[in-house]
Amino acid sequence: MSRSELSKNYEPTEVERRWYAHWQERGYFAPRDGEGPPFVILIPPPNVTGSLHFGHTFDHTIQDLLTRWHRMMGEPTLWLPGTDHAGIATQNVVEKRLAEQGKTRHDVGREGFVEEVWRWKSTYHARITEQMRRLGDSVDWSRERFTMDEGLSRAVREVFVRLHRKGLIYRGNRIINWCPRCRTALSDEEVNHVDTDGKLYYIQYPIKDSKKSVTVATTRPETMLGDTAVAVHPADQRYAPMHGKTLVLPFLGREIPIILDDTVDAKFGTGAVKVTPAHDPNDFEMGKRHDLPFITVMDEGAVMNENAGGFQGLSREEARTRIVDALKDRGLLARVEPHRHSVGHCDRCDTVVEPYLSLQWFVKMKPLAEPAYAAIEKGELTILPRRWEKVYLRWLEGIRDWCISRQLWWGHRIPVWTCAACKEEIVAVETPHACPKCGGADLVQDPDVLDTWFSSWLWPFSTLGWPEETEDLKRFYPSSVMVTGPDIIFFWVARMVMAGYEFMGKCPFPVVFLHGIVRDAQGRKLSKSLGNSSDPIELMDRFGADSLRYSLVLLSPQGADIHGFSDEKVDLGRHFANKLWNAFRLVQPHLDGFAPDEAKAKGHYTDEDLWILSTLATTVRSVTRNMRAYRIGDAAKDIYDFVWRELCDWYLEMAKPRLYAEAGTPDAIAVRTTIHTVFGHVLRLLHPFMPFMTEELWHALPGTEGDVATAEWPAPARGSSHPEAEARIALLKEIVGSIRNLRSEMNVAPARKAAILIRASEPDATTLRHQHDLILLLGKGESLEVGPEVAKPRITASAVVRQHEIFLPLEGLIDVELERQRLRKEYERVVREFESSHRKLQNDDFLAKAKKEVVEREREKFEALGETKEKLQRNLEVLG
RNA sequence: GGGCGGUUAGCUCAGUUGGUUAGAGUACCUGCUUGACAUGCAGGGGGUCAGAGGUUCAAGUCCUCUACCGCCCACCA
């Protein structure tokens, strides 16, 4: 029963390490066996080589508080952790490391390189998981997964084979987005379009056997070397004479036809467009329609190749400059105009993406998208905030095939082999050892790997053992909610839904909760490299994980970004933690050895006891309601307001004399029982938000059993609502507020006690007489007189509250002029309101059309204002 | 080009189905070693609710338009 002394200020670091280890030892993070549907969250796997940044901190805080909340509600809970191999990003990181040693991946070879990445993986993995522990993530470490571990790799191959068999995976020669720096294909989602000020070059292509020429407009002159036609709209009369003519491509002398195509916009440029089927998606289509040659003029690094004639060996940028110069020299450059257009950039390295013709693997998405689309309509999937549903649906409507092959070394190898002897293609889950057709043993696996998201989209079931019918899969699929940022709604969320329906026949989660991004005052994402924030870990070192967590949640508007976050904002949570800590320090000595005794306390609760218990019940309801609706910021605010504004500001102040009075009396038991109840509830309500400190205090609170981490989530007790007590305390607060205001305005020294007179009518007069001691305590009075007949002192400060008059006879202290000014200001305010109310009540339309209650309320208000006005006026007159 | 958000106190945000004097935190000002907390206590100033028009007895709240900010999507040669 011995309770340790609490330090004056909360010291988080030691406390946090201790309790995390404790919870883990107790096995709280694993779902307990049991009845009832489990609560399941799968972590959006962070990039294994990344480190925990603010995005994760916020993301994990939300998931952890939901998990802890459900755990306290007695549900078996599983928050499954894991990391992502993040193909391109990780390969880039490791390549950069090699570069520091003056090496490239080719120097170490494919096998050596992949081994090197695995080594890095384990180093970084330890770092990120340690960060998660620091934050307090109550994840089930025994179920941790990695997107490249054996089980998940198996799932990836299985899915590839199944989709291939279904005809939903195919290989094709197509124009894809190519990053010349990463030297790999990208999906459409991995390209960021940036509006760029470019130029529109008007180039003249001479007509064969003629002095004339046709002028085409292009933003990319360097691709002209790959032109195999010039297209005009068939109905464009300007070009009617040119139909059937042949043009001579400058530099190369290639003869190319003028073709007619409906897709040409006659209004753009000159109405004649150069056609480069191997370097532009539109032209590619046109090339197919008109059976044009496809000539690639660049290599994988976007360096001009052997088809570029004299420009071979130049980068695409150099080639552009040289070609433009050369055109100028030959008088073939008609003009150049400024032109703003959108240019694609690599999501990973920001290099300008090249539309590039190459042989890649694709997933046919249309059939997969249909059930994902219907999920919203059928109510099987809700995306919060709801506005994101439109974004999701629109993307699905316009869905295009997914390019899944990557020319990288780090990732899941494509499970396709080709027989060297008979060229048979083998698509298989397990590595084949002989060609099923000719028996040849020389099988060559496709060198490419799969897009990272091709493993991530299986996360909701691959982590649970799929394709095996495991117990976990049966029990934990689908999960309860997906918590993530809207930036990966297409990359990940939509694709998980598709995979869920395709392979499990069910939506992987009923709710997607999208939260905002943490930004600084300039609206930039927080990052250490930008220098606009500390590392979250550093902030936790300085202020504690609880403070950081609570601050983030408190600052987050629903589904919108957190703006203006900075280190100082963590004070919000830190100060709050300190406040609660100290409130606890106040009451703890009085609770030592105390056991709450509702039976003995019953009948001895005071109004303030009943009021705080009633307010607590309201808070419990509100917090729970807000949590259910994912309004977690509001839930945090509910607790904040209750603890600080009600409990500390009022209740504990009122309770002090009773706490210091003799123990063991019925009143002493009542106040202690009340305090015990309130703290027991607050600690439980707050635990999901501030797991560490609440656990520490829970163990310091006498009579608690077990850990708060597994304590029961509070529900408002029956009979905990006390509206009459609430009303009486509300009156008290107003009266005390007014007294304090008077004292302050009259510059009364805080230590000086003053007589208080309240001219009040019944029934409030009786209430206020009962509150005698509290009014003296909180209003710093030396005496109190209450009643309808209280005489107004000659020299006094005065105020009117609910038609009751408060007098502070401060003889010798009253500055009459000051008091007059104060009263006059108040009087004028009341008059303004009185008049506006008067006008309303004289308006027949208002009386006829407004709801009865509204009119009634207005009448009451009018009456009250009238009385208040008169009293203020009299008091003003007396001042002279 | 299309779409989606937003605009309320210096800053960050609340503001339920229209109905008391538009709130909170923070910053600011004044005064306080008040029997837990100066990471605190008490008090105070500060808002033409982006603009215009409309609906209504009544608009921060509903409708229309405009301006500005932000985000997303887009095969604008």
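In what follows, chains are A, B, ... by sequence order, proteins preceding strands, each numbered from 1.
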Verify the distance criterion only: is there a donor paired with an acceptor across the side chains of [X] and [Y] at less than 3.5 Å?
X	Y	value
A:Asn177	A:Tyr356	no
A:Ser187	A:Glu190	yes
A:His341	A:Asp195	no
A:Asp638	A:Ser622	yes

Base, sugar-phosphate, or nothing: which does [X] touch, judged by heavy atoms less than 4.0 Å apart?
X	answer
A:Lys656	base
A:Asn843	sugar-phosphate
A:Ile562	nothing
A:Lys840	nothing
A:Arg574	base
A:Arg832	nothing
A:Phe584	nothing
A:Glu858	nothing
A:Ser342	base
A:Val264	base
A:Asp649	sugar-phosphate
A:Asp265	base
A:Ala850	base
A:Lys825	sugar-phosphate

Roughly how many Å apart are [M] and [N], using the [atom1] atom of each and rounding to a whole number?
N	M	atom1	result
B:C62	B:G18	P	8 Å
B:G3	B:C13	P	26 Å
B:A38	B:A52	C1'	50 Å
B:G46	B:U34	P	30 Å
B:G31	B:A50	P	36 Å
B:C69	B:G45	P	36 Å
B:U39	B:C63	P	47 Å
B:U61	B:U7	C1'	15 Å

### Message
Under 6.0 Å from the ring centre and within 45 degrees of the ring axis: does the NZ or CZ of A:Arg174 meet both conditions for the six-membered ring of A:Phe284?
### Response
no

Set of ring-ring contact (aromatic ring centres under 6.0 Å, His included) partners for [X], sequence neighbours left out:
X	answer
A:Tyr651	none
A:Phe490	A:Trp395
A:Phe862	A:Phe834, A:His838

Once you apply the 3.5 Å cut-off to both distances, tell me the Watson-Crick or G-U wobble partner of [N], or none.
N	answer
B:A14	none
B:C71	B:G3
B:C41	B:G31
B:A52	B:U64
B:G19	B:C57

### Those residues of residues 860-869 of chain A lying under 4.0 Å from RNA chain B by at least one heavy atom
A:Lys861

Tell me the closest heavy-atom pair linking [X] and [Y], and the distance in Å.
X	Y	result
A:Leu659	A:His590	O-ND1, 3.4 Å
A:Arg220	A:Pro355	NH1-CD, 3.7 Å
A:Ala231	A:Val264	CB-CG2, 3.8 Å

### Summary
Whichever of A:Lys849 and A:Asp641 has the more 5' nearest nucleotide on RNA chain B, that residue is A:Asp641

### Message
Using heavy-atom distances to pick each residue's nearest nucleotide on RNA chain B, tell me which of A:Trp581 and A:Val736 is more 5'.
### Response
A:Trp581

Pairs under 3.5 angstrom only: tabulate donor-acceptor contacts from the side chains of residues 843-855 of chain A to other protein residues two or more places apart or in another chain.
from, atom 1, to, atom 2, distance (Å)
A:Asn843, OD1, A:Asp845, N, 2.8
A:Asn843, OD1, A:Phe846, N, 3.3

### Query
Can you give the first and last nucleotides of RNA chain B, 5' to 3', that have an atom under 4.0 Å from a heavy atom of chain A?
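Nucleotide range in contact with chain A: B:G3 to B:A77.
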
